[in-house]
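Predicted, not measured: the structure shown is a model, and the values here were computed from it.
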Amino acid sequence: MSEITDSEMKHLAELSNLFLGDKEAKSLKRDLTRILAYIDELDEVDVTGVEPTYQVFDMETVWREDEEIDYGVSRVELLELAEQVKDNSVVVPKVL
Amino acid sequence: MMSENWRKIPEIVRDVRSGAVSAVENVERALAVAECCKNYNIFVSITKERALQRATEIDQKVKAGVAVGELAGVPYVLKDNFLDFGAKTTASAKMLEGFVAPLQATAVKKLEAAGAICIGKSNLDAFAHGGSTENSFFGVTKNSKDTRRVAGGSSGGSAVAVALGVAPFALGTDTGGSIRQPAAFNGVIGVKPTFGSVSRFGVVAMASSTDTIGCFATNAFDARLVMNVMSGKDSWDSTTIDNDFMRHTSRKLRIGVILDFMTDDVDREVLTIVEKYVKKLDKKGYDVKTIKMSTLKYALPVYYVVVPAEVASNLARYDGIRYGHRARVAKTLPEIYGHSRDEGFMPENKRRVLIGNFVLSSGFFDAYYLKAQKVRTLIIEEYRKAFAKFDVLLCPTTPTPAFKIGEKTDDPVKMYLEDVMTVPPSLAGLPAVSVPAGRTKSGLDVGVQLIGARGSDAVILTLAEQMEDYGEQ
């Protein structure tokens with residue numbers, strides 16, 4: 001398998017929230033096909049009965065205390081990071 | 001460009017404390033060398049004003065007889081994916097070109113508390129995706145020995161800074177080799193600690209199951225000193241573990257040379273230099289044997305499934321709205337997302353996001369993501385068995401010395417193959433260091449990689465230190 005089709009590429013770009021130009025989509029499609037062909041080397045490994053590893057040290061979920069933490073960052077400072085701000089809110093185009 | 005070497009960090013600190021050499025003088029020296037090295041494109045920004053101000057504060061404390069920390073007045077270089085005051089944090093990406101961090105990374109805070117002074121933020125592959133520092137929005141960083149060649153990456157700027165004597169140490173991040181590989185390419189020591197050693201709070205996330213923070217230094221002692229200051233539990237990063245950098249071992253180390261990475265696929269000169277290092281270990285009396293580890297060759301394809309999957313998740317936060325680049329052409333909300341990400345990311349960032357979303361998407365999840373995580377279990381299992389027989393495993397850090405700029409940019413798989421030896425310990429969360437092992441006939445640096453069991457960071461650094469003392473005998 002591993003040949004990425006045009007429609008798969010379009011779907012992937014949508015999932016990734018990337019508006020790609022035609023030329024770039026074409027070159028990325030070629031790269032992805034190559035990378036997936038390389039990844040296909042894993043086909044030769046037998047993993048019957050093997051459990052997956054999602055994190056290396058078998059850590060349990062760590063809960064933190066239910067208390068307010070002061071990161072030393074103010075709302076004003078955070079809002080300064082946004083491109084468009086009005087009345088203490090971040091501005092985005094109309095959605096509905 | 002060669003500058004006089006910095007002395008070992010404890011000596012620099014001793015002089016700052018005694019007033020023999022002021023912190024301001026150290027900072028001025030670092031800034032002067034940085035200025036001389038401009039053509040290497042090491043820095044994204046220089047934090048001169050803040051550095052001099054902090055140095056002045058330290059000198060005033062010394063004069064007033066107030067105690068100063070164990071890194072007092074020592075200048076250092078910070079990879080530009082650490083949040084830090086005094087400069088923007090760009091991750092070398094257009095997405096964060098104007099990003100001014102409202103807080104500082106825990107690692108940076110700890111270094112500052114110990115008196116270290118950041119003099120500038122170094123170049124990297126955008127979002128630390130890459131192995132050459134060619135994928136930067138701010139241009140390519142050049143190799144310290146040959147400016148036609150790559151610095152390695154993704155922490156290329158930091159490695160070259162230490163190699164050229166800008167500062168005695170520099171910080172990097174290592175997800176699959178981003179400290180070790182540029183360290184090898186520039187003849188400095190590079191430390192990737194046990195997963196969880198150093199808090200990642202305030203560092204731009206790449207792949208959360210393998211991201212680590214480490215350093216570059218000119219010698220193992222300094223590297224360990226810096227790692228010791230940064231390491232330890234942090235309530236703001238729940239994956240952090242206790243500091244293992246001062247745990248000693250006195251027993252005779254058993255060292256296993258990984259035969260699977262000592263084959264004809266490796267550059268001839270690299271092999272010869274690594275074999276020479278192995279002979280030195282043998283002569284020095286270590287118990288050196290060989291070991292075959294047949295699953296390690298699958299580490300790279302596993303890595304390029306797992307890491308893109310995590311990258312796709314971690315880069316989902318860049319929406320062009322709350323912070324970061326917002327595309328001017330965008331009129332609707334989906335356009336803001338799509339265009340901002342298209343404009344703000346480099347091609348390699350897009351490749352990884354797309355691959356990540358592919359392997360996580362329905363219909364492919366089991367065949368790719370789940371399969372890769374199962375093979376990862378086999379790799380971890382093989383390491384576990386190896387560390388029952390050995391204390392340290394050894395192989396070259398990279399299959400070749402630094403390659404030419406542009407040589408591998410047309411084929412991502414060729415670039416990925418450079419990571420074939422550094423990726424396996426990352427997937428298992430193991431500590432690994434790259435130490436300078438020698439130079440090729442044309443003067444390029446070659447590194448040897450020492451890998452330890454979980455938490456044995458001090459063991460591999462002590463070994464590196466003993467081998468430095470042993471010198472060229």
Side-chain angles (χ1 to χ4, degrees), chain A residues 1 4 8-9 11-21 24 27-29 31-32 34-57 59 61-65 69 71-74 77-84 90-95, chain B residues 99-100 102-103 195-196 209 235-236 238-239 241 295 298 300-302 304-305 312 316 319-324 326 330-339 341-342 345 347 350-351 353-355 357-359 361 368 370-378 380 411-413 416 427-429 454:
Chain A
M1 92 125 266
I4 300 260
E8 273 175 335
M9 189 62 205
H11 178 57
L12 274 181
E14 277 167 20
L15 286 176
S16 306
N17 266 321
L18 284 168
F19 281 17
L20 301 171
E24 191 172 24
S27 108
L28 284 168
K29 192 183 99 168
D31 290 345
L32 258 53
R34 272 188 200 169
I35 295 166
L36 290 173
Y38 176 65
I39 291 169
D40 280 346
E41 282 187 16
L42 294 178
D43 286 350
E44 63 195 58
V45 190
D46 180 10
V47 291
T48 318
V50 179
E51 289 295 317
T53 298
Y54 295 113
Q55 41 102 356
V56 286
F57 293 155
M59 291 179 84
T61 300
V62 181
W63 301 98
R64 69 170 173 77
E65 294 298 317
I69 298 178
Y71 289 100
V73 183
S74 68
E77 284 172 306
L78 289 174
L79 284 171
E80 272 172 9
L81 299 173
E83 182 102 356
Q84 262 185 290
V90 178
V91 178
V92 294
K94 205 171 166 185
V95 182
Chain B
F99 181 71
V100 180
L103 45 81
F195 180 79
S209 83
S235 60
W236 291 359
S238 60
T239 61
I241 57 172
T295 64
Y298 299 113
L300 198 63
V302 167
Y304 279 100
V305 173
D319 55 11
I321 290 175
R322 293 156 302 151
Y323 56 90
R326 187 189 283 202
K331 297 278 187 292
T332 65
L333 198 59
E335 279 174 14
I336 290 185
Y337 300 150
H339 285 303
R341 289 164 65 80
D342 179 43
F345 291 152
K350 296 176 192 176
R351 264 177 225 127
V353 168
L354 289 164
I355 287 282
N357 283 322
F358 177 83
V359 300
S361 59
Y368 285 93
L370 194 63
K371 173 85 186 246
Q373 298 286 39
K374 287 179 177 176
V375 180
R376 185 182 194 178
T377 304
L378 296 177
I380 292 171
D411 182 352
V413 174
Y416 296 170
L427 286 176
R454 176 190 178 187

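- Counting only distance, with no hydrogens or angles, the side chain of B/R454 and the backbone of B/G429 share no donor-acceptor pair below 3.5 Å.
- Residue contact with chain B, scored on non-hydrogen atoms closer than 4.5 Å, involves the side chain of A/V90 exclusively.
- Closest approach of A/L32 and B/L354 over heavy atoms only: CD2-CB, 3.8 Å.
- Neither the backbone nor the side chain of B/S235 comes within contact range of chain A; no heavy atom of the residue lies under 4.5 Å from a heavy atom of that chain.
- We find the CD-CZ distance between A/Q55 and B/R376 to be 9.0 Å, quoted to the nearest 0.5 Å.
- Interface remark: of the candidates A/A82, A/A13, A/S16, A/S16 forms the most heavy-atom pairs closer than 4.5 Å to chain B.
- Between A/P52 and B/T377 the shortest heavy-atom distance is C-OG1, 3.4 Å.
- Most heavy-atom pairs under 4.5 Å with chain B: of the set A/I35, A/V73, A/L20, this distinction falls to A/I35.
- Per-residue heavy-atom pair counts under 4.5 Å with chain A were compared for B/S361, B/S209, B/P412, B/P301, and the maximum is reached by B/P301.
- In this structure, chain B has a heavy atom under 4.5 Å from the side chain of A/L28, while its backbone stays farther away.
- In this structure, chain B has heavy atoms under 4.5 Å from both the backbone and the side chain of A/V47.
- Side-chain N or O atoms of A/T53 include none that pairs as donor or acceptor with a backbone N or O of A/V56 at under 3.5 Å.
- For A/I69, the part lying near chain B is the side chain, with the backbone staying farther off; criterion is any non-hydrogen pair under 4.5 Å.
- With a 4.5 Å cut-off on non-hydrogen atoms, A/E51 touches chain B through its backbone but not through its side chain.
- Neither the backbone nor the side chain of B/A316 comes within less than 4.5 Å of any heavy atom in chain A.
- For the set B/L427, B/T239, B/L103, the entry with the most heavy-atom pairs within less than 4.5 Å of chain A is B/T239.
- With B/Y304 as the partner, the ring-ring contact (aromatic ring centres under 6.0 Å, His included) test is satisfied by one option alone out of B/F358, B/Y368, B/Y416, B/Y298: B/Y416.
- Taking chain A as the reference chain and counting heavy-atom pairs below 4.5 Å, the highest number among B/R322, B/K331, B/E335 is found for B/R322.
- Of all the listed residues (A/D31, A/D46, A/V92), the one sharing the greatest number of non-hydrogen pairs under 4.5 Å with chain B is A/D31.
- For A/E24, the side-chain hydrogen bond (donor to acceptor under 3.5 Å, both in side chains) criterion is met by B/K350, not counting sequence neighbours.
- Minimum heavy-atom separation, B/K371 to A/V45: NZ-O, 3.1 Å.
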task: Please lay out, stage by stage, how A/L36 and B/I355 fare under the test side-chain contact (heavy atoms from CB on, under 4.5 Å).
output: CA-CA 8 Å; A/L36 290 173; B/I355 287 282; 4.2 Å; yes
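- Using a 4.5 Å cut-off between heavy atoms, B/D319 makes no contact with chain A at all.
- Proximity to chain A (any heavy atom under 4.5 Å) is restricted, for B/I336, to the side chain, taken from C-beta onward.
- When all heavy atoms are compared, the tightest approach of A/F57 to B/F195 is CE1-O, 3.1 Å.
- Ranking A/L15, A/I39, A/L78, A/L81 against chain B, the residue ahead of the rest is A/L81, based on heavy-atom pairs under 4.5 Å.
- At a 4.5 Å heavy-atom cutoff, the contact between B/I321 and chain A is made by backbone and side-chain atoms alike.
- Proximity of a side-chain donor or acceptor of A/R64 to a complementary backbone N or O of B/S238 within less than 3.5 Å is not detected.
- Contact count against chain A (heavy-atom pairs under 4.5 Å) is highest for B/P102 among B/P102, B/P347, B/A330.
- Under the side-chain hydrogen bond (donor to acceptor under 3.5 Å, both in side chains) criterion, B/Y337 pairs with no residue at all, not counting sequence neighbours.
- Contact of B/A312 with chain A is not made at all, since no heavy-atom distance falls under 4.5 Å.
- Most heavy-atom pairs under 4.5 Å with chain B, from the set A/Q84, A/E83, A/M9: that is A/E83.
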